Amino acid sequence: MSDQKRLFLVDAYALIFRGYYAFIKNPRINSKGEDTSAIMGFMNSLLDVIKRERPDHLAVCFDKGGSADRVELYTEYKANRDATPDGIKTAIPYIYEILKAMHIPIMVKEGYEADDVIGTLAKKAEKEGYKTFMVTPDKDFAQLVSENIFMYRPMFGGGYETWGIPEVQKKFEITDPLQVIDFLGMMGDASDNIPGLPGVGEKTAKKFLATYGSMENLLANTHELKGKMKEKIEANGALGLLSKKLATIMLDVPVDFDAKDFEMSQPDIPKVTEIFQGLEFRRLTDNFLKTFASVNEATDQSKAPSNSTSTSNSDATSSSNSVSTSSSSSSAGEGQFSLFGGSPSESTKTETTSEFERNTIDNTSHFYQSIAPGMATTLFVKNLLNQTSVCFDTETTGLNPLIAELVGIAFSWDAGKGFYIPFPEDKEDAQHLIELLRPFFENEAIEKIGQNLKYDIKVLAKYNVEVKGKLFDTMLAHYLINPDMRHNMDILAETYLNYTPVSITELIGKKGKNQLSMRDVPLEKQTEYAVEDADITLQLKEHFEKELGDANTQKLFTDIEVPLLRVLAAMELEGINLDTDFLNSLSEQLNSDIDTLEKAIYEAAGEEFNIASPKQLGIILFEKLNLVDKPKKTKTGQYKTGEDILSYLAKDHKIIKQVLDYRGLAKLKSTYVDALPLQVEPSTNRVHTDYMQTVAATGRLSSNNPNLQNIPIRTERGRQVRKAFVPRDENYTLLAADYSQIELRIIAALSSEETMIEAFKNGEDIHASTASKVFGVPIAEVTREQRSNAKTVNFGIIYGVSAFGLSNQTDLSRGEAKELIDTYYETYPKLKKYMSAQVDFARDHGYVKTVLDRRRYLKDINSANAIVRGAAERNAVNAPIQGSAADIIKIAMINIHHKLSLGNFKTKMLLQVHDELVFDVYKPELEAMKTMIKTEMEGAFKMEVPLDVEMDIGDNWLEAH
DNA sequence: TTCATCTGCAA
DNA sequence: TATTGCAGATGAA
């Protein structure tokens with residue numbers, strides 16, 4: 001490191017936008033209803049830069065009034081930008097105010113963009129011997145990079161990358177950073193509306209630059225090009241030169257660089273604190289205070305380390321002494337920390353080394369420590385067992401719990417403090433170590449806290465360790481607090497603790513080629529990361545425990561979601577047997593049928609093309625064959641070729657049916673027949689789906705890797721796939737049990753619509769019954785078509801269908817559809833009343849709820865935008881119904897799982913498909929299971945309308961229906 | 001390689 | 001201009 005002075009120039013708007021959108025799924029709203037996401041995001045980045053780099057010179061640059069010069073050159077410049085979101089507009093005055101209070105200079109020049117201001121300042125500073133870092137994610141700045149000017153780019157997932165000349169050369173495949181201008185000029189920039197050369201994208205631009213070096217040289221040598229490309233470029237030379245000008249950052253903005261003005265100085269701490277508190281930034285305030293405390297410290301020492309992590313070694317003997325001391329006086333919870341060397345400062349003073357190296361990460365905000373193997377572990381576990389509530393987090397070699405190996409486990413039971421037990425690679429040693437921890441995990445009296453405990457439970461199950469006792473899963477808690485948001489820990493930490501944890505990407509890199517395994521991460525970093533996660537999770541728990549508040553939500557959490565997590569873990573570990581030979585032979589049949597259709601389609605089209613490409617297919621159908629006068633287009637301007645559109649055209653040309661058939665078979669083959677066998681887990685020879693418990697806003701589960709909730713059933717060909725799902729072996733049979741019309745029963749019960757309730761009580765065919773009533777014919781005389789239309793309305797009602805939607809869905813005209821809906825509501829008046837009551841409830845309370853008081857918040861219910869409001873109103877009706885059905889089957893699953901384990905049955909519950917459960921039934925247990933499952937499912941929730949479960953068994957999933 | 005779009009499967 | 005999901009193929013960047 002040289003003594004060269006360092007200047008940091010921050011591209012304010014770029015970071016503000018970035019910060020704002022980072023929170024877009026979980027916007028930060030304070031108690032005054034202000035959206036503070038943009039301010040928070042920006043301040044996080046700014047403090048992060050200051051903390052990491054401790055710049056001695058710093059300024060923040062804004063745009064003002066756009067670039068007069070560029071707009072003069074090209075009126076369309078940035079013309080297609082969406083309006084700045086309100087959340088950003090309102091943030092700007094605050095950010096100005098904060099920067100002023102922080103004594104950070106704000107650079108802004110009317111009629112210039114921040115790019116130009118930054119560029120000009122960077123070049124001036126360079127002349128005065130400064131090293132400049134441009135803090136921005138915007139790649140356009142790469143053109144300014146020189147020996148003394150760098151880009152300092154925040155990366156997604158945390159961390160920064162610095163781009164110097166070599167990085168820019170590599171990234172853009174050029175020799176001189178100035179060529180970035182030619183690059184941008186050639187390929188254009190959609191976000192700035194810079195046109196670029198038509199038909200030139202990144203690849204071509206790089207190729208051109210490698211050959212010609214510049215835009216001008218390319219245009220002078222177009223004779224060397226050929227074909228369409230030659231024509232296009234020759235015709236658009238002027239456009240290319242214009243684009244280059246637009247992409248050039250100006251270096252002659254009338255601003256002065258006077259080093260004194262840019263020196264970092266002590267902020268007005270009380271003022272900043274006051275503003276932060278007004279905005280309700282609690283953790284950010286702490287972070288701010290700490291950042292400036294450490295900046296001062298660093299300044300004092302003149303040469304500061306680049307981070308605040310320190311390592312020290314100390315021996316196990318000293319800890320063992322402390323252990324005996326404090327376990328004899330194990331009353332005070334706080335005192336137990338003295339086990340491992342007393343207060344942090346005390347522990348770091350210990351300097352004795354031994355083979356038991358210990359890793360202590362200690363800064364002003366936290367104290368994290370890894371536990372050496374041997375004696376220290378035993379002592380640690382002893383301490384662990386004295387706790388009543390502990391947060392833990394497993395670190396493993398991968399995401400698949402069936403094959404993941406433990407790399408370490410972090411524990412925390414006191415905010416800001418925690419411990420990490422690294423695991424040896426050797427399997428026997430690892431098993432030996434986990435045995436030491438078994439008494440903790442299997443202790444019924446200790447509450448276990450975690451984020452996504454289903455994962456940890458599955459990992460530990462592979463080591464034959466059961467996690468017993470009360471559980472608190474922060475992810476599940478937040479799912480109940482606000483199901484529409486996202487629930488990953490990093491976002492929760494940012495939202496609720498104003499804290500940005502070390503991201504996993506920063507630790508092990510992006511997925512793909514060079515991603516590290518957690519094992520390759522140095523112990524110190526593992527400790528910091530893992531314990532931080534446990535620490536944060538613990539703090540989130542404190543937060544959510546209060547926020548779950550409402551007694552009924554507590555109950556839903558404790559009695560449903562948490563117990564269900566164990567049930568799901570068991571089902572996922574169990575997996576299901578798949579007959580891959582069967583699927584392989586199915587694949588071959590499909591192949592030959594697809595081949596035949598393909599040839600027929602090419603024949604009918606008169607040329608070969610990619611049938612699976614909607615773009616190419618659209619051109620064939622609507623431009624070549626001119627099948628429709630005015631084909632519908634998608635919002636991106638492509639022809640719509642969806643099944644609903646094409647099926648109307650089937651009579652016009654034989655190619656349509658062929659295409660539809662082709663699509664059906666190709667879909668079947670690629671999505672199911674060929675994909676499923678690849679999902680068989682080699683170590684178990686079964687398929688293990690992963691149920692997501694916190695994804696669906698209504699309370700449903702979702703399934704992935706693979707998704708076993710969308711296996712075909714409606715078409716003959718498709719349902720063959722179900723034959724591939726088979727029992728464990730010949731001693732077992734598959735049993736499928738599904739709720740009959742559960743959603744309609746729920747809406748009937750919730751609305752107290754007697755007519756419909758009676759029909760269910762009498763065991764009538766509900767769709768025929770509805771048809772009989774709305775069409776005014778005796779139930780025995782209902783035609784097939786009438787029943788089908790009634791069925792469509794019955795389902796449509798649940799989703800809030802319109803006459804338009806219904807007419808699309810059926811053969812009815814718009815008028816007929818409207819009439820049908822009107823008659824429907826006349827037949828079932830209370831249903832209509834119930835629906836408006838739900839919407840009213842949502843307007844008044846901002847949420848709707850299910851039978852178990854699961855809430856869904858509908859922020860758009862009072863929106864001025866009719867489309868947005870309409871969607872919220874449909875949600876107000878649908879969410880309680882779909883959600884209540886989800887609640888009910890969850891109850892059944894928990895009770896059934898409980899009965900299965902109590903009775904030590906060999907029968908296992910394998911799958912859940914929203915209203916259906918699938919079991920691998922041990923044949924001798926069949927009769928008992930039939931009774932038990934039906935009883936539990938039908939008895940899961942009592943309503944005015946009885947629940948009805950249909951079940952069947954078979955040698956595969958299809959037969960079981 | 002990554003990402004958005006289109007399409008289509010289930011309840 | 002019908003709810004909730006997941007995922008494959010394509011094609012642009």
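To find a chain, count down the sequence lines: A is the first, B the second, and so on, and within it residues start at 1. Remember, it's a predicted structure, so these values are computed and weren't measured experimentally.
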Please check the phosphate of [N] (OP1 and OP2 only) for any side-chain N or O of [X] closer than 4.0 Å.
X: A:Asn707; N: C:dG8; answer: no
X: A:Arg714; N: B:dG8; answer: no
X: A:Ser702; N: C:dC6; answer: yes
X: A:Thr641; N: B:dC6; answer: no
X: A:Thr671; N: B:dC9; answer: no
X: A:Lys615; N: C:dA12; answer: yes
X: A:Thr634; N: B:dT5; answer: no

Distance in angstrom units between [X] [atom1] and [N] [atom2], rounded:
X: A:Gln709; N: C:dT3; atom1: CD; atom2: P; result: 19 Å
X: A:Lys791; N: B:dA11; atom1: NZ; atom2: C1'; result: 12 Å
X: A:Gln693; N: C:dC6; atom1: CD; atom2: P; result: 14 Å
X: A:Arg700; N: C:dC6; atom1: CZ; atom2: P; result: 11 Å
X: A:Lys632; N: B:dT7; atom1: NZ; atom2: C1'; result: 16 Å
X: A:Met186; N: C:dA13; atom1: CE; atom2: P; result: 17 Å
X: A:Leu665; N: B:dG8; atom1: CG; atom2: P; result: 13 Å
X: A:Ile611; N: C:dG8; atom1: CD1; atom2: C1'; result: 16 Å

Residue [X], side-chain heavy atoms: nucleotide from [options] that is nearest:
X: A:Gln882; options: C:dT4, C:dA13, B:dT7; result: C:dT4
X: A:Phe804; options: B:dC9, C:dT1, C:dT3; result: C:dT1
X: A:Arg722; options: B:dA10, C:dA12, C:dA7; result: B:dA10
X: A:Gln809; options: C:dA2, C:dT4, B:dC9; result: C:dA2
X: A:Ala675; options: C:dA13, B:dC6, C:dG8; result: C:dG8
X: A:Thr792; options: C:dA2, B:dC9, C:dG5; result: C:dA2
X: A:Ser613; options: C:dA2, C:dA9, C:dT10; result: C:dT10
X: A:His914; options: C:dA13, B:dA11, C:dG11; result: B:dA11

Base, sugar-phosphate alone, or nothing: which one does [X] contact when heavy atoms must sit under 4.0 Å apart?
X: A:Ala666; value: nothing
X: A:Gly796; value: base
X: A:Ile713; value: sugar-phosphate
X: A:Ile711; value: sugar-phosphate
X: A:Arg663; value: sugar-phosphate
X: A:Arg874; value: sugar-phosphate
X: A:Gln616; value: sugar-phosphate
X: A:Asp738; value: nothing
X: A:Thr715; value: nothing
X: A:Asn878; value: sugar-phosphate
X: A:Glu643; value: sugar-phosphate
X: A:Asn610; value: sugar-phosphate
X: A:Arg719; value: nothing
X: A:Val877; value: nothing

Which atom of [X] lies closest to which atom of [Y], heavy atoms considered:
X: A:Trp957; Y: A:Val913; result: CZ2-CG2, 3.9 Å
X: A:Leu812; Y: A:Ser807; result: O-CB, 3.3 Å
X: A:Gln741; Y: A:Phe795; result: OE1-CZ, 4.2 Å

(Q) Please evaluate residues A:Tyr828 and A:Tyr824 with respect to the criterion ring pair (Phe, Tyr, Trp, His ring centres under 6.0 Å), reporting the C-alpha separation (whole Å), side-chain torsions for both, the decisive distance (0.1 Å), and the verdict. (A) CA-CA 6 Å; A:Tyr828 300 127; A:Tyr824 186 94; 5.1 Å; yes
Q) Would you say the side-chain atoms of A:Gln838 and A:Glu873 include a donor-acceptor pair closer than 3.5 Å? A) no
Q: Show the numbers, then the answer: is there a ring pair (Phe, Tyr, Trp, His ring centres under 6.0 Å) between A:Phe183 and A:Phe208?
A: CA-CA 9 Å; A:Phe183 176 81; A:Phe208 284 158; over 10 Å; no
Q: Give, for atom CG of A:Leu197 and atom OG of A:Ser243, the distance between the pair rounded to the nearest 0.5 Å.
A: 6.5 Å
**Q.** Salt bridge present between A:Lys667 and A:Glu643 (N-O < 4.0 angstrom)
**A.** no
